[in-house]
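Got a structure for you, questions after.
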Amino acid sequence: MSLPSRVQLIDVGPRDGLQNEKQPVPAAVKIELVHRLQAAGLTEIEVTSFVSPKWVPQMADNAEVMNGIQRQAGVRYSVLTPNAQGFEAASKTRPDEIVVFGAASEAFSHKNINCSIAESIERFAPVVQAALAAGIAVRGAMSCTVACPYEGEVAPERVAYLAGLMKQIGVQRVDVADTIGAGTPLKVQKAIEATLPYFDVDHICGHFHDTYGQALANTLAALQMGVWNFQSSVAGLGGCPYAKGATGNVSTEDVVYMLHGMGIDTGIDLDKLVDAGAFISGFLGRQPNSNVAKAILNKRLG
Ligand code: HMG
Ligand code: MG
């Protein structure tokens with residue numbers, strides 16, 4: 001199959017990236033990060049999550065962040081909503097898309113959202129209905145589609161099972177997530193293959209963490225199957241609080257550099273993106289977790 005000529009990137013840095021930060025990040029910094037991402041040409045940004053502040057304290061300022069953003073026309077702002085309570089709070093902040101998030105592994109479902117896969121679907125169903133009725137788009141994140149921090153390897157049949165349930169309740173598109181970044185290209189392709197009976201390739205997003213340094217290879221493997229929507233995190237921020245040791249998503253800078261080098265359009269200005277990554281990394285007191293960002297920043301020093 002020929003490669004797509006254009007790729008749509010969803011930057012999940014403000015949410016997946018910052019949710020795991022131990023040091024408090026003020027809402028104003030998160031808002032500035034979103035502004036810098038949209039100025040760099042990102043047209044989809046996962047801004048925050050409406051989850052329990054006891055579980056994920058860093059996202060407690062969700063409404064403040066959503067309400068503080070100066071929205072740009074043509075940009076889609078998404079938020080995570082695990083249940084009706086989260087959706088109710090989120091809907092007041094006018095997200096363009098909500099994300100229900102389930103897992104292909106039972107153990108991860110319990111650790112992350114405190115219920116079984118079947119129970120999670122029961123909770124999501126009314127949320128999906130309410131969102132669609134309100135004209136809000138719905139994405140479903142599928143965690144642990146390759147491996148689980150508690151159960152080890154996850155079989156593609158488990159992914160198919162979850163994808164089928166997500167489809168049944170009206171989810172419009174899904175993220176095939178390698179939560180702990182343990183996947184390799186053929187395994188990621190199997191997870192995507194397992195999803196394809198339920199969602200066509202235009203409605204599948206690749207969401208690859210880079211813990212083992214495989215995320216770019218996994219991105220290429222997904223591209224070869226025709227996937228053209230991907231999530232990535234500026235400066236490679238992040239990790240999941242319930243996937244110990246897992247590092248952030250593949251950095252948006254690395255993905256953009258690879259795609260542009262292959263002649264694939266993203267609409268993103270790499271220099272401005274590197275600036276956005278340097279901004280948030282500077283605040284956090286470290287270097288961006290991105291080879292491309294580091295190379296470009298070093299080159300600028302002359
Ligand atoms: P629970 O304790 O089972 O919920 O948590 P509950 O309904 O029994 O309620 C207990 C308390 O939580 C109550 O408060 C509720 O009000 C409150 P209390 O009476 O004790 O003061 N509560 C809420 N507060 C705010 N917003 C809400 C909400 N719901 C209940 N929406 C729950 C269930 C899902 C809420 C909890 O487990 C939770 O918040 N988990 C957080 C999970 C999370 O954010 N994980 C990280 C994101 S997922 C991820 O990173 C993976 C992804 O990137 C893809 C990948 O890489 O795999 C997407
Ligand atoms: Mg993630």
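Start at 1 and go down the list; that is how both ligands and their atoms are numbered.
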* Nitrogen or oxygen atoms of Asp178 and ligand 1 under 3.5 Å apart ->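 So ligand 1 has no N or O lying under 3.5 Å from an N or O of Asp178.
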
* Asked: Is there a donor in the side chain of Thr43 and an acceptor in the side chain of Arg76, or the other way round, less than 3.5 Å apart?
  ->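 There is no such pair (donor and acceptor under 3.5 Å, judged by atom type) between the side chains of Thr43 and Arg76.
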
* To do: Go through the steps for Gln172 and Leu132 under the test side chain to side chain contact (heavy atoms under 4.5 Å, CB included), then give the verdict.
  => CA-CA 9 Å; Gln172 295 168 307; Leu132 294 176; 3.6 Å; yes

* Polar side chain donor-acceptor pair, Asp16 to His209, under 3.5 angstrom ->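 Yes, His209 and Asp16 have a side-chain donor paired with an acceptor closer than 3.5 Å.
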
* For Glu153, does the CD atom have more than 12 heavy-atom neighbours from other residues, nucleotides or ligands under 6.0 Å away? ->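 Counting other residues, nucleotides and ligands, CD of Glu153 stays at 12 neighbours or fewer.
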
* Could you walk me through whether Lys190 and Glu157 pass the salt bridge (charged side-chain N to carboxylate O under 4.0 Å, His left out) check? -> CA-CA 10 Å; Lys190 287 205 170 104; Glu157 296 75 55; over 6 Å; no

* Asked: So, Glu44 and Arg15, do they make that salt bridge, N to O below 4.0 Å?
  ->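 Salt bridge absent between Glu44 and Arg15.
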
* To do: Applying side chain to side chain contact (heavy atoms under 4.5 Å, CB included), run through Phe124 and Leu165 and close with a yes or a no.
  => CA-CA 10 Å; Phe124 299 156; Leu165 292 174; over 6 Å; no

* Hey, is Pro53 touching ligand 1 through its side chain, its backbone, both or neither, going by heavy atoms under 4.0 Å? ->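 For Pro53, the contact with ligand 1 is made by the side chain alone.
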
* Any Lys/Arg nitrogen of Arg36 or Asp275 sitting under 4.0 Å from an Asp/Glu carboxylate oxygen of the other? ->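 No, no charged N to carboxylate O under 4.0 Å.
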
* To do: Report yes or no: do Asn20 and Gln58 form a side-chain donor-acceptor pair below 3.5 Å?
  =>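 On atom types as modelled, these side chains do not qualify, holding no pair under 3.5 Å.
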
* Using a strict 4.0 Å cut-off to heavy atoms of Asn83, name the atoms of ligand 1 that fall inside it. =>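 Checking each atom against Asn83, I get 27 (C), 28 (C), 29 (N), 30 (C), 31 (N), 35 (C).
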
* To do: Give the single entry among Phe87, Phe108, Phe50, Trp55 that approaches atom 37 (O) of ligand 1 most closely by any heavy atom.
  =>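 Closest candidate by heavy-atom distance is Trp55.
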
* N/O to N/O below 3.5 Å, does that happen between His209 and ligand 1? ->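 Among all N and O atoms of His209, at least one is under 3.5 Å from an N or O of ligand 1.
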
* Asked: Where on Pro82 is there a heavy atom closer than 4.0 Å to ligand 1, on the side chain, on the backbone, on both, or on neither?
  ->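 The side chain, only.
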
* Asked: Where's the contact between Met59 and ligand 1, heavy-atom distance under 4.0 Å: side chain, backbone, both or neither?
  ->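 Neither part.
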
* Between Gln85, Gln231, Glu119, which one has a non-hydrogen atom sitting closest to atom 16 (O) of ligand 1? ->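 Selected option, by shortest heavy-atom distance: Gln85.
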
* For ligand 1, is any non-hydrogen atom under 4.0 Å from Ala177's backbone (N, CA, C, O), its side chain (CB onward), both, or neither? ->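 Near ligand 1, Ala177 shows its side chain, while the N, CA, C and O stay back.
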
* To do: Considering just N/O/S atoms, say which atom of Asp16 is closest to the Mg ion (ligand 2).
  =>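 Looking at Asp16, the N, O or S atom with the least distance to the Mg ion (ligand 2) is OD2.
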
* Basic-acidic side-chain contact under 4.0 Å: Arg158, Glu151 ->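 Salt bridge flag = no for Glu151 with Arg158.
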
* With a 4.0 Å heavy-atom cut-off (strictly under), which part of Thr179 contacts ligand 1: side chain, backbone, both or neither? ->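 Thr179 to ligand 1: contacts from backbone and side chain alike.
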
* Sub-4.5 Å side-chain heavy-atom contact between Ile98 and Arg139 ->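 In short, these two side chains do not touch, never coming nearer than 4.5 Å.
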
* To do: Measure the distances from the heavy atoms of Ala103 to every atom of ligand 1 and state whether one is below 4.0 angstrom.
  =>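 Distance cut 4.0 Å: Ala103 fails for ligand 1.
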
* Output the list of atoms in ligand 1 that are nearer than 4.0 Å to some heavy atom of Asp16, sorted by atom number. =>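 Contacts of ligand 1 toward Asp16, numbered from 1: 50 (O), 53 (O).
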
* To do: Decide whether an N or O pair under 3.5 Å exists between Met142 and ligand 1.
  =>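 Not met; the criterion fails.
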
* **Degrees at the Mg ion (ligand 2) between the NE2 atom of His207 and the NE2 atom of His209, nearest 10°** =>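 Value, to the nearest 10 degrees: 90°.
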
* Going by the order shown, which atoms of ligand 1 are within less than 4.0 Å of some heavy atom of Ser143? ->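 Numbered from 1, ligand 1 contributes 51 (C), 54 (C), 55 (C), 57 (O).
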
* Asked: With respect to atom 41 (C) of ligand 1, which of Val176, Ile113, Asn112 exhibits the smallest heavy-atom separation?
  ->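 Heavy atom nearest to atom 41 (C) of ligand 1 belongs to Asn112.
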
* Salt-bridge test for Arg300 and Asp271: reply yes if a basic N is under 4.0 Å from a carboxylate O, no otherwise. =>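 Answer for the salt bridge query: yes.
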
* **Heavy-atom gap Arg15 to ligand 1 smaller than 4.0 Å** =>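 Judged by the 4.0 Å heavy-atom criterion, Arg15 does count as contacting ligand 1.
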
* Proximity to ligand 1 by part of Val51, non-hydrogen separation under 4.0 Å ->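 Val51 to ligand 1: contacts from backbone and side chain alike.
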
